[in-house]
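Below, chains carry the letters A, B, ... as their sequence lines are ordered, and counting in each starts from 1. Worth saying up front: this structure is predicted, and the values here are computed from it rather than measured.
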There are 2 protein chains.
Amino acid sequence: MRTGEQRARPRQGLSRERILAEAARIFNRLGYHGATLDDVARALGVTKAALYYHVANKEELLFQCCKVAIAIGLEGIRRAQAETAAPDEQLRRALAAYIEGMTDQLRGSVVILEEGTLSPEHYREVKAERDEYERELRGIIARGVAQEVFVPCDLRLVGFALLGAMNWIPKWYSPAGSRSGREVAEVFAAYLVRGLQASGRAPALTAGAP
Amino acid sequence: MRTGEQRARPRQGLSRERILAEAARIFNRLGYHGATLDDVARALGVTKAALYYHVANKEELLFQCCKVAIAIGLEGIRRAQAETAAPDEQLRRALAAYIEGMTDQLRGSVVILEEGTLSPEHYREVKAERDEYERELRGIIARGVAQEVFVPCDLRLVGFALLGAMNWIPKWYSPAGSRSGREVAEVFAAYLVRGLQASGRAPALTAGAP
DNA sequence: CGCCGCTAACTGACCGGTCAGTAAGCTCGG
DNA sequence: CCGAGCTTACTGACCGGTCAGTTAGCGGCG
């Protein structure tokens, strides 16, 4: 029953992972309140009651989605920091990783926390983790500014701009579209970093194919 | 009875403008489906039934909010194009105008069109206008690229990045916060334009007071 | 001036549909 | 033959929408 279990011997499979991915996609499309559990169940090819075998309730489903999304983001930052020391490259990789996660893994960021959707305790937990994520992001930017790789800026506002551009992606992205998640990630990350880079060092924007 | 009338001689005032502004704020906070008409009515200091005296139904309320938001955006573009010929400055002013509108006038962009919230006809209409807005925005960027003021880029993706950063603002902005709508507008517009500008021409990011 | 009739603006109670959540039973694989 | 993994069938609450009624002000008629 523990989280870590995907005992994969299911009759036709309803792993926690699949449930969360599908739920995230539906929540993103219809909005949390607009989506019914029947919608999620139908997308998974089961009935609503089956969902209740795996999750406690609708709110917990959203909660788990949020945790996964933030975990993807934090993991991206950690990897970026491990792979390079240059703040601009760190930021680029961190953003790209988050975007790839949102487009390919968990479809739909869901961090679109409407008020009153999560229970107070869950809200506090998610907010704390999300704040941690934002703080890390701002930290990278601040170091970039200190090293004069980035121009001085309002960390909070620029951070919100980055987050906004990325969190908006699930609203229009489709895996069937002309751009893959990776391509979107590259273009977005390059553009978002470029707006911060000190003059003269910023590379062009195009990524991959012309 | 026509739309253009706000013949305001109401007992205590429930103008179309006030209703839309408050509805936008509530919809933005709770999400369209998460917000009840009682919420909106309470915020206006009346009962739900009073709302129905002024609007046909909940969906129409959202529809009107969307129209106002897009109108603000399009008006911003028109003014920007009338005021200056330089694509980068045009873009900067257009974005700033939209942001100011979203923060000060209509509080909450609401263009966060979740699927199935608007009727097919209303959806078509809003989508058409929104597409028009996006097309105009891309047009400015395209001209900037042609004049080598902007670096070459994927117009569609960059457009989405701009829109995302801006549409996210209502999620965190508060008029009681440390930054006014105008300040947010200036910083965002400067940052978002800067990411496109050809090297060497981009100015710094800080705007207004430190 | 005064008060009569009208309407614009609003209230409170209510109905019906929808949806989160539950209960109880069926069905395989081991 | 047991129980994990599901189903069908249901309940209760909540919310969009309606409607009969109330209140406030305005315009006109005597």
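- Qualifying salt bridge (charged side-chain N to carboxylate O under 4.0 Å, His left out) partners for A/Glu136, counting only residues two or more places apart in sequence or in other chains: none.
- Applying the salt bridge (charged side-chain N to carboxylate O under 4.0 Å, His left out) criterion to A/Glu59, with sequence neighbours excluded, gives no partner residue.
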Does the protein touch nucleotides 16-21 of chain D at the base, only the backbone, or not at all? Give it as B, S and - per nucleotide, heavy atoms under 4.0 Å. BBBB--

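- Listed by first and then second residue, the salt bridge (Lys or Arg N to Asp or Glu O under 4.0 Å) pairs that reach into residues 41-52 of chain B are B/Asp39-B/Arg42, sequence neighbours excluded.
- Between the CG atom of A/Leu62 and the P atom of C/dA20 there is a distance of 13 Å, given to the nearest Å.
- Taking A/Arg79 as the reference, A/Glu83 meet the salt bridge (charged side-chain N to carboxylate O under 4.0 Å, His left out) condition, with sequence neighbours excluded.
- An OP1 or OP2 oxygen of C/dC10 is reached within less than 4.0 angstrom by no side-chain nitrogen or oxygen of B/Tyr53.
- By the salt bridge (charged side-chain N to carboxylate O under 4.0 Å, His left out) test, A/Lys127 is found to be paired with A/Asp131, residues two or more places apart in sequence or in another chain being considered.
- In this structure, A/Leu51 places its CG atom 13 Å from P of C/dT22, rounding to the nearest Å.
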